[in-house]
Amino acid sequence: MRLAPYPSGALHIGNARMVVLNNEYVNKHDGEVYLFYDDTIGSPKSLRNTPKAKYVLPEAYDLIKDGLEWLGVKYTKVFYKSDRLELYYEYCEKLIKDGIAYVCFCSAGDFKNKFKDQKKPCPHRAQSVEKNLKEWNFMLEGKYEETTAVVRLKTGMDQKDPAVRDNIIMRISEAEHPRVGNKYLVWPMLEFSWAIDDYLIGITHIIRGADLVKEDFIEDFIWDHFGWKKAEFLHYGRIKFPDMKLSKTEARNNIQKGLYEGWDDPRTWSLQSLKKRGIKPEALKESLLSLGMSISGITFSTGWLYSKNKDLIDEISDRYFFVEDPVLLEIDEVPFEEYMAEPMLLPSNPKKGKRIIKGKVSNKKLKIFISKKDANKLKVGQILRLKDLINIQILSIDLKNNNVTSYYHSLELNREYSIIHWVPYDSNIKVKILKPDGVVSNGYGEINLKSIPLNTTIQFERYGFVNPIKLENDELFCYFTH
RNA sequence: GACCCUAUCGUCUAAUGGUCAGGAUAGUAGGCUUUCAACCUGCAGAUCUCGGUUCAACUCCGGGUAGGGUUACCA
């Protein structure tokens, strides 16, 4: 089998389905999978400035390799379409000699309106083999500019299905290719190149999305013509990823404009970004695999991925205190000089030990931060518990100035009081969290966060899982996991 | 428009023509818990529609309807 990514950017969660399915199939049947960079030229030079333009991005080759490595996919060979142009030329010439392909000079619009839609042959279809060969060589020699001449396959202008009437198999592109530069002027279309390559490299099974079912026809047509052994096609349906913009092209544009941080920006939903968020490859694999191979269109729910991932990281992620959008809370009449809380790193595994959060009380006054969200729910007179510390009673609430006052109530845990999290006023660390939608949330975390390992998920209690990325200038920067 | 494909709980997915239509996730109620998390126990929730074949239809056939795809000198 083969993985055939188009190297226009890093693999994203949508491309991952193709990868995971191929990998699973190969593992199950003790087969082999090749990595085959589908790096044809993409959009012609003259169309490159449109936002939809598709073209090879040099760094994508490595981004793809990294992504596959992260997913744990093992391939046995690597191919590049851009290495194989001579092969396509050779077989294209054979098709012309066999009278089954011709050089066509119709414009795209004319061909569609005057001939394809009318089921009529265009004037070039009847050219002699000699004439076609001559024109084909002119194409290769650069006599024609891009969009003025193409090679079409004689699948039949009377095909019932308009999608498969004399498709283009070769066209001219003056664009420069990152690997082979301007060495080649004539490039194959995807279906044609695969018809040749799938046979030549000995592919037995092809898994592709339902959006490519019509491509099967072209491959089949050419295999029939040459009398080649056929591969078997398997298809899976379209996935919709609501609320994600899964476009390598768009990601590329936003990175170039500086709107995204890079290929690991969470908004790209690239494998790199998932890794950086602390998503485990197994979780991604399982959630994609659980969708099966159904051909009908489906809607993906990030909930499945997060649920699978949570199962994996919940028992290994240490717990810490964090308050988002801090609000100052003053506690008066505190009957001791200093305080100390000793919450467990991981309550489900006490062996991991405790952390210590402590500070001093001055003039019976203790100052801490709580989150804005919790502060919003407070009512004057309410008694609540600061987790692992004390119970307090609320005296006044001034949300405009982010200030709440209270006084000490009692020490012992009483489950009737709701429990909230807190961070000392004078001993804390700034925390920034980048979320998948690009929103950054700010707050303070407990001081122990200064000495945690990076790139290992942690849980901010009553907030969520995050993956700490860097500690700089006394500020911890994290990616939000879920 | 033409052509192709698909149709089961909100979502995803199971069910040799015979199951009480199962599971996952989400939802909901309770339990447990110094996290509103996790965990445990309940509850609720689906065969698009109309015909046909059959002792028996989610399953096979036909017509509707709805959704998706292709109709690119993109992949």
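Below, chain A is the first sequence line, B the second, and so on; all start at residue 1.
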Out of B:rA72, B:rC73, B:rC12, which nucleotide sits closest to the side chain of A:Thr299?
B:rC12
Are A:His177 and A:Tyr184 near enough that their ring centres are under 6.0 Å apart?
no
No-hydrogen, no-angle side-chain donor-acceptor test under 3.5 Å, A:Ser441 and A:Tyr463
yes
With a cut-off of less than 4.0 Å, is there a side-chain N or O of A:Ser301 near OP1 or OP2 of B:rA26?
no
With respect to the phosphate group of B:rA75, does any side-chain polar atom (N or O) of A:Thr40 fall under 4.0 Å of OP1 or OP2?
yes
Residue pairs passing the side-chain hydrogen bond (donor to acceptor under 3.5 Å, both in side chains) test with at least one member in residues 292-307 of chain A, sequence neighbours excluded, are A:Arg277-A:Tyr306
Is the Lys NZ or Arg CZ of A:Arg165 less than 6.0 Å from the centre of A:Phe115's six-membered ring, within 45° of the axis?
no
Does A:Asn167 get its side chain close enough to the base of B:rC73, under 3.5 Å, for a donor-acceptor pair?
no
Have a look at A:Gly42 and say if it touches a base, only the backbone sugar-phosphate, or nothing, with a 4.0 Å heavy-atom cut-off.
sugar-phosphate
Is it possible for you to check whether A:Lys435 lies under 6.0 Å from the centre of the six-membered ring of A:Phe480, through NZ or CZ, and within 45° of that ring's axis?
yes
For A:Ser307, answer base if it contacts any base atom (sugar-phosphate contacts may also be present), sugar-phosphate if it contacts only those atoms, and nothing otherwise; contact means non-hydrogen atoms under 4.0 Å.
sugar-phosphate
Nearest to the side chain of A:Ser294, heavy atoms from C-beta on, is which of B:rC39, B:rU13, B:rU6?
B:rU13
Scan nucleotides 15-17 of chain B against the protein and return all N/O pairs shorter than 3.5 Å with their distances rounded to 0.1 Å.
none

Taking 4.0 Å as the cut-off, does a side-chain nitrogen or oxygen of A:Lys160 come that near to OP1 or OP2 on B:rU71?
no
Would you say the rings of A:Phe300 and A:Trp269 are close, in the sense that their centroids are separated by under 6.0 Å?
no
If you check the A:Ile295 side chain, which of B:rA75, B:rC5, B:rU11 turns out closest?
B:rC5
When all nucleic acid strands are considered with a 4.0 Å heavy-atom cut-off, which category describes A:Leu190: base, sugar-phosphate, or nothing?
base
Nearest whole angstrom, please: distance from the P of B:rC73 to the OH of A:Tyr88.
20 Å
Return the orientation label for the A:Trp422 and A:Tyr339 ring planes: parallel under 30°, perpendicular over 60°, tilted otherwise.
perpendicular
Given pairs defined as Watson-Crick or G-U wobble with both distances under 3.5 Å, what dot-bracket annotation applies to RNA chain B, with ( ) intrastrand, [ ] crossing, | other strand and . unpaired?
(((((((..((((....[...)))).(((((.......)))))....(((((..]....))))))))))))....
Donor-acceptor pair between A:Asn391 and A:Ser410 side chains, under 3.5 angstrom
yes
Nearest-nucleotide pick for A:Tyr6, side chain only, options being B:rU25, B:rA75, B:rC73:
B:rA75
If each of A:Lys377 and A:Lys308 is mapped to the nucleotide of RNA chain B with the nearest heavy atom, which maps nearer the 5' terminus, i.e. the 5' end?
A:Lys308
With a 4.0 Å cut-off on heavy atoms, is A:Asp374 in touch with a base, just the backbone sugar-phosphate, or nothing at all?
base
Below 30° counts as parallel, above 60° as perpendicular, anything between as tilted: where do the rings of A:Phe105 and A:His124 land?
perpendicular
Select base, sugar-phosphate, or nothing to describe what A:Cys104 touches, counting heavy atoms under 4.0 Å on all strands.
nothing
So the salt bridge (charged side-chain N to carboxylate O under 4.0 Å, His left out) pairs with at least one residue in residues 185-200 of chain A (sequence neighbours excluded) are A:Arg2-A:Asp198, A:Lys81-A:Asp197, A:Arg84-A:Asp197
Which atom pairs link the protein and nucleotides 28-35 of chain B when you take only N or O atoms and keep those under 3.5 Å?
unit_1	atom_1	unit_2	atom_2	d
B:rU34	O5'	A:Arg415	NH2	3.3
B:rU34	O2'	A:Lys387	NZ	2.7
B:rU34	O2	A:Arg385	NE	3.2
B:rU34	O2	A:Asp388	N	3.1
B:rU34	N3	A:Arg385	NE	2.8
B:rU34	N3	A:Arg385	NH2	3.0
B:rU34	N3	A:Asp388	N	3.3
B:rU34	O4	A:Arg385	NH2	2.6
B:rU35	O4'	A:Glu461	OE1	3.3
B:rU35	O2	A:Gln459	OE1	3.4
B:rU35	O2	A:Arg462	N	3.1
B:rU35	N3	A:Gln459	OE1	2.8
B:rU35	O4	A:Arg319	NE	2.6
B:rU35	O4	A:Arg319	NH2	3.1

Quick one: is the NZ or CZ of A:Arg252 closer than 6.0 Å to the six-membered ring centre of A:Tyr55, and within 45° of its axis?
yes
Protein-nucleotides 65-70 of chain B N/O pairs closer than 3.5 Å?
unit_1	atom_1	unit_2	atom_2	d
B:rG69	N2	A:Lys214	NZ	3.1

Please identify which of these residues, A:Glu446, A:Glu324, A:Lys387, A:Arg462, meets the side-chain hydrogen bond (donor to acceptor under 3.5 Å, both in side chains) condition with A:His421.
A:Arg462
In terms of ring plane angle, is the pair A:Trp136 and A:Tyr89 parallel, tilted or perpendicular, where the classes change at 30° and 60°?
perpendicular
